[in-house]
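Worksheet: the structure to be examined is printed underneath.
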Amino acid sequence: MAILMCRPEHFGIEYEINPWMHVEVAVDRQRALQQWRALERTYAELGVTVDFVEPVSGQPDMVFTANAAVLWNGRAVLSHFRHPERQGEEPHWRAALERRGFEVQVTPPGIAFEGAGDALFVGERLFAGYGFRTDREAHRHLARALGVEVVSLELVDPRFYHLDTCFCPLDERTVMFAPEAFAPRSARLIRRLVPHVIEVPVDVAAGFACNAIAVGHRVVSSLAAERLEGPLHDAGFDTVVALPMSEFMKSGGGVRCLSLPLDTGRAVA
Ligand code: ARG
């Protein structure tokens, strides 16, 4: 497994584009770096190859690599951010992905799409969120660009503005998700399509427990995930690595937002 990360060198709360962000609640930069390094170290210990993209000054949210694009079989559908504050990241993500051999496709003009933050594979099926950052029209484009089936899920709670804050594929048949973050029809759809679901209480999800990544049978997440050890063990995930993410949560992010898996589908040749 290979994961793309971006050092939190220019990370901070410089604007407010989700309910977690408050410009007056400053990031402790030292602590942010420690938390980020602990995540990087965890990946290395679990045998994950960590790749780094250069941080860009003036782009405080670039640390959230999950939002760059969705990647599948060597193709990348590049994000087009909802908010102008993040649109300046787009050329940097494009260059970084091209440099790594991806065939990059852009999102059609006027359509918002926020990458793996809102589009996650369970097996060969792409589950995609809409309602806050990604437009539903983006899903049709994803299906065409990647040649995959897309399941559209409606997000309804502004705290869970990206799919990866409330939905986490753990393996080909297991997902943990917070039903209350979804329109009832979408929650039902998840239960119907995914063979094994772990339902996460909304207060646990609000600690960014679902903003997690599975490395084999180990799950890396925030401290709140300690409360999911029971159900995760029962589902065959024997180790939960629960990391403090306080500084990134001030921006509305956790483990998964800081991580973009590069080898989804077939790896780049
Ligand atoms: N402050 C960032 C934003 O609001 C946080 C992004 C979190 N990323 C994620 N994949 N959920 O855009």
Side-chain angles (χ1 to χ4, degrees), residues 5-6 8 10-29 31-32 35-36 39 55-56 58-70 79-90 92-93 107 111-120 127-136 138 152-168 177-183 186 200 202-213 221-225 243-260:
M5 294 182 74
C6 177
H10 305 291
F11 173 59
I13 313 298
E14 293 175 16
Y15 44 75
E16 300 178 358
I17 57 171
N18 70 52
W20 303 92
M21 301 175 87
H22 304 287
V23 286
E24 69 280 7
V25 182
V27 164
D28 179 330
R29 298 178 57 89
R31 192 175 296 154
Q35 293 177 346
W36 185 88
L39 177 60
V56 175
Q59 300 299 159
D61 275 337
M62 221 175 137
V63 68
F64 300 113
T65 54
N67 295 121
V70 65
S79 292
H80 176 52
F81 288 90
R82 161 87 56 206
H83 298 98
E85 289 88 339
R86 291 197 70 180
Q87 288 169 358
E89 296 176 32
E90 293 166 19
H92 302 289
W93 294 128
T107 298
I111 297 181
F113 169 59
E114 299 207 355
D118 265 330
L120 296 164
F127 287 75
Y130 70 94
F132 295 103
R133 296 300 190 81
T134 291
D135 290 322
R136 191 169 186 175
S152 293
L153 302 172
E154 185 183 0
L155 299 170
V156 295
D157 182 333
R159 290 175 299 167
F160 305 104
Y161 59 93
H162 275 143
L163 183 65
D164 70 357
T165 62
C166 51
F167 179 97
C168 179
F177 83 112
E180 286 156 90
F182 295 86
S186 297
V200 177
V202 75
D203 60 309
V204 179
F208 283 79
C210 294
N211 197 245
I213 212 151
S221 184
S222 66
L223 292 179
L243 299 173
M245 280 286 131
S246 61
E247 300 318 298
F248 300 102
M249 284 163 63
K250 291 175 182 171
S251 188
V255 165
R256 182 85 193 201
C257 308
L258 297 171
S259 316
L260 180 67

Is any side-chain heavy atom of [X] closer than 4.5 Å to a side-chain heavy atom of [Y]?
X: V70; Y: F113; result: yes
X: P55; Y: M62; result: no
X: D164; Y: C257; result: yes
X: W20; Y: R159; result: yes
X: L155; Y: H162; result: no
X: M5; Y: W36; result: yes
X: F64; Y: L258; result: yes

Partners meeting side chain to side chain donor-acceptor pair (under 3.5 Å) with [X] (sequence neighbours left out):
X: S259; answer: Y43
X: H10; answer: none
X: E89; answer: R86, W93
X: T165; answer: none

Please collect all salt bridge (Lys or Arg N to Asp or Glu O under 4.0 Å) contacts where either partner lies in residues 243-253, sequence neighbours excluded, each pair once.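 Qualifying pairs: R31-E247, E247-K250.
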With sequence neighbours excluded, give me every salt bridge (Lys or Arg N to Asp or Glu O under 4.0 Å) pair touching residues 14-25.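 Of all non-adjacent pairs touching residues 14-25, none passes salt bridge (Lys or Arg N to Asp or Glu O under 4.0 Å).
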Minimum heavy-atom separation for [X] and [Y], please, with both atom names.
X: I13; Y: V27; answer: CG1-CG2, 3.7 Å
X: P60; Y: G12; answer: CB-O, 3.6 Å
X: A205; Y: V200; answer: N-CG1, 3.8 Å
X: H80; Y: I111; answer: CD2-O, 3.3 Å
X: A209; Y: S222; answer: N-OG, 3.6 Å
X: P19; Y: H22; answer: O-NE2, 3.3 Å

Are side-chain N/O atoms of S251 and D61 paired as donor and acceptor at under 3.5 Å?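 Yes - a donor-acceptor pair under 3.5 Å links their side chains.
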With sequence neighbours excluded, residues passing ring pair (Phe, Tyr, Trp, His ring centres under 6.0 Å) with F248: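 So F248 forms a ring pair (Phe, Tyr, Trp, His ring centres under 6.0 Å) with F11.
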List for me each residue that meets ring pair (Phe, Tyr, Trp, His ring centres under 6.0 Å) alongside F177, sequence neighbours excluded, and say none if there are none.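 By the ring pair (Phe, Tyr, Trp, His ring centres under 6.0 Å) rule, F177 matches F182.
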Taking side chain to side chain contact (heavy atoms under 4.5 Å, CB included) as the definition, give me every residue that meets it alongside A212, ordered by chain and number, with sequence neighbours left out.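 Side chain to side chain contact (heavy atoms under 4.5 Å, CB included) list for A212, sorted by chain: C168, M176, V219, S221.
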Tell me every residue that passes side chain to side chain contact (heavy atoms under 4.5 Å, CB included) with M249, counting only those two or more places apart in sequence or in another chain.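 Listed in chain order: F208, M245.
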Going by the rule salt bridge (Lys or Arg N to Asp or Glu O under 4.0 Å), which residues pair with R133 if we only count those two or more places apart in sequence or in a different chain?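 Result, salt bridge (Lys or Arg N to Asp or Glu O under 4.0 Å) vs R133: E114.
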Quick one: salt bridge (Lys or Arg N to Asp or Glu O under 4.0 Å) partners of R136, sequence neighbours excluded?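 Salt bridge (Lys or Arg N to Asp or Glu O under 4.0 Å) check on R136 returns nothing, list empty.
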Could you measure the distance from the [atom1] atom of [X] to the [atom2] atom of [Y]? Nearest 0.5 Å is fine.
X: N211; Y: F167; atom1: CG; atom2: CZ; value: 13.0 Å
X: S186; Y: Y130; atom1: OG; atom2: OH; value: 5.5 Å
X: N67; Y: D118; atom1: CG; atom2: CG; value: 8.0 Å
X: D28; Y: S246; atom1: CG; atom2: OG; value: 7.5 Å
X: L163; Y: L120; atom1: CG; atom2: CG; value: 5.0 Å

Do side-chain atoms of D203 reach the backbone of A206 as a donor and acceptor pair under 3.5 angstrom?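 No.
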Ignoring hydrogens and geometry, is there a side-chain-to-backbone donor-acceptor pair from S79 to A68 under 3.5 Å?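 Indeed, once roles are kept as given, a pair shorter than 3.5 Å links the two residues.
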Around atom CD of E90, are there more than 12 heavy atoms from other residues, nucleotides or ligands closer than 6.0 Å?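 It does: E90 CD has more than 12 such atoms within range.
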